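In this text the structure is predicted, and so the values were computed from the model without any measurement.
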Amino acid sequence: TQVSKSPHQMPKIRSKSSKADPHHRKLGPAFGGCTEEEIRSRTLPELIRPNLSLLFVGINPGLFSAYKGHYYSKKGNHFWPCLVQSKLVPPHFGPENDQDCASLETSIGFTDIVSRCTRSQSEITDEEFDEGVRKLRTKLVKYNPNVVVFNGKQIFSRFVGMRMKDVQCGVQSYRLEG
């Protein structure tokens, strides 16, 4: 088995046997020798509590974040460097500090629309996404974060029922009732 990587993609697995189940193959050294099936069985903890200043909402955990057990863990992901640049977190913060963000002056939490780990968000069914939106609405009413940051136009457009082409990036006027 050979593993090839591009700096912006998950490792691609090439097996000499095309009949092997891809979920049972080992993913390589970056994943500690775990199989994809082992990684896919993991989820990230919901890092949400009442009255957060900011709640970041992602689509779902990728393989590397699930392996590491922290949000936005994949090497090369710009999330943490951008958060540090914003001065919302201390300069040394990275994925391993995701659980510490709720105790900062600007309290920050993390959740996903779908908790199931996948290699690609295209693996998420419409039913899973719709169920995740319903659950997120319930969480937002229960925990009442001051600001919700949707990590992507697709999440927000599905959340508010708009076509993605009609959604603009940036601060929205949408307010959740309840």
Side-chain angles (χ1 to χ4, degrees), residues 9-11 23-24 26-156 158-159 176 178:
Q9 295 178 339
M10 295 299 292
H23 294 163
H24 287 87
K26 298 213 183 279
L27 290 174
F31 292 89
C34 293
T35 64
E36 187 167 329
E37 182 179 44
E38 290 170 321
I39 303 296
R40 284 175 179 264
S41 70
R42 300 179 183 188
T43 59
L44 294 179
E46 290 226 319
L47 301 179
I48 185 170
R49 65 166 177 74
N51 303 311
L52 288 165
S53 301
L54 294 171
L55 176 64
F56 284 95
V57 180
I59 291 180
N60 76 309
L63 292 175
F64 199 75
S65 289
Y67 170 69
K68 290 292 191 179
H70 297 287
Y71 287 84
Y72 307 104
S73 291
K74 187 176 174 188
K75 194 170 189 159
N77 188 311
H78 297 289
F79 179 84
W80 288 100
C82 288
L83 202 56
V84 166
Q85 265 190 329
S86 74
K87 300 194 184 326
L88 291 170
V89 299
H92 65 277
F93 265 39
E96 65 282 354
N97 301 106
D98 57 3
Q99 294 185 22
D100 303 323
C101 290
S103 61
L104 296 171
E105 183 178 342
T106 301
S107 55
I108 299 171
F110 300 92
T111 191
D112 288 305
I113 291 283
V114 175
S115 62
R116 183 172 67 92
C117 166
T118 62
R119 179 177 284 269
S120 165
Q121 70 186 39
S122 65
E123 297 175 38
I124 298 170
T125 66
D126 285 340
E127 293 77 19
E128 282 179 295
F129 209 107
D130 293 342
E131 177 64 20
V133 166
R134 285 190 289 280
K135 287 180 179 178
L136 179 61
R137 286 182 182 284
T138 301
K139 288 178 212 174
L140 295 180
V141 170
K142 178 179 179 181
Y143 293 108
N144 193 33
N146 189 38
V147 174
V148 179
V149 181
F150 290 88
N151 193 351
K153 287 172 60 171
Q154 179 188 15
I155 305 172
F156 182 72
R158 294 278 296 265
F159 184 81
L176 182 65

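- A pairwise comparison of heavy atoms in Phe150 and Leu136 identifies CE2-CD2, 3.8 Å as the closest pair.
- Taking CD1 of Ile59 as the start and CZ of Arg158 as the end, the distance is 9.0 Å to the nearest 0.5 Å.
- Residue Pro95 comes nearest to Ser73 through the heavy atom pair CB-OG, 3.4 Å, listed as atom of the first residue, atom of the second, then distance.
- The structure places CD of Glu131 at 13.5 Å from CD1 of Ile124, a figure rounded to the nearest 0.5 Å.
- In this structure, Arg42 fails the cation-pi test against Tyr67, since its NZ or CZ atom is not both closer than 6.0 Å to the six-membered ring centre and inside 45 degrees of the ring normal.
- When every heavy atom of Leu104 is checked against every heavy atom of Val89, the shortest pair comes out as CD1-CG1, 3.6 Å.
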Taking it one step at a time, do Cys117 and Asn60 satisfy side-chain contact (heavy atoms from CB on, under 4.5 Å)? CA-CA 6 Å; Cys117 166; Asn60 76 309; 5.6 Å; no
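- Using a 4.5 Å cut-off on side-chain heavy atoms (C-beta onward), Leu44 and His70 make no contact.
- Within the structure, no pair that satisfies the ring-ring contact (aromatic ring centres under 6.0 Å, His included) test touches residues 82-109, not counting sequence neighbours.
- Using a 4.0 Å cut-off between charged side-chain N and carboxylate O, Lys135 and Asp112 make no salt bridge.
- Note that CZ of Phe159 is 11.0 Å distant from CZ of Phe129, once rounded to the nearest 0.5 Å.
- What you find for Ser65 and Tyr71 is that their closest heavy atoms are OG-C, 4.2 Å.
- Cation-pi geometry between Arg49 and Tyr143 is not met at under 6.0 angstrom from the ring centre and within 45 degrees of the axis.
- In summary, Glu37 and Arg40 do not engage in a salt bridge, as defined by a charged side-chain N under 4.0 Å from a carboxylate O.
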Could you walk me through whether Leu140 and Val148 satisfy the side-chain contact (heavy atoms from CB on, under 4.5 Å) test, starting with their C-alpha distance in whole Å, then the side-chain angles of each, then the deciding distance to 0.1 Å, before giving a yes or no? CA-CA 9 Å; Leu140 295 180; Val148 179; 3.7 Å; yes
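- In this structure, CG in Leu83 is found 11.0 Å from CG in Asp98, a value given to the nearest 0.5 Å.
- Of the N and O atoms on the side chains of Thr118 and Ser120, not one donor lies less than 3.5 Å from an acceptor on the other residue.
- The distance from the CG atom of Leu88 to the OG atom of Ser107 is 10.5 Å, given to the nearest 0.5 Å.
- Look at Glu96 and Lys68 and you find no salt bridge, because none of the NZ, NE, NH1 or NH2 atoms lies under 4.0 Å from a carboxylate O.
- Between Pro50 and Asn144 the shortest side-chain heavy-atom distance does not fall below 4.5 Å.
- Looking at every heavy atom in both residues, Val114 comes nearest to Glu128 through CG2-O, 3.8 Å.
- The two residues Val133 and Ile113 make their nearest non-hydrogen contact at N-CG2, 4.1 Å.
- Separation of the Trp80 and Phe56 ring centroids does not fall under the 6.0 Å cut-off.
- Side chains of Tyr72 and Asn151: a donor on one and an acceptor on the other come within 3.5 Å.
- Counting heavy atoms from C-beta outward, Asn146 and Asn51 have side chains that stay 4.5 Å or more apart.
- In this model, a donor atom of one side chain and an acceptor atom of the other lie less than 3.5 Å apart for Thr111 and Lys139.
- Between the Asp130 side chain and the Glu127 main chain, no donor and acceptor come within less than 3.5 Å of each other.
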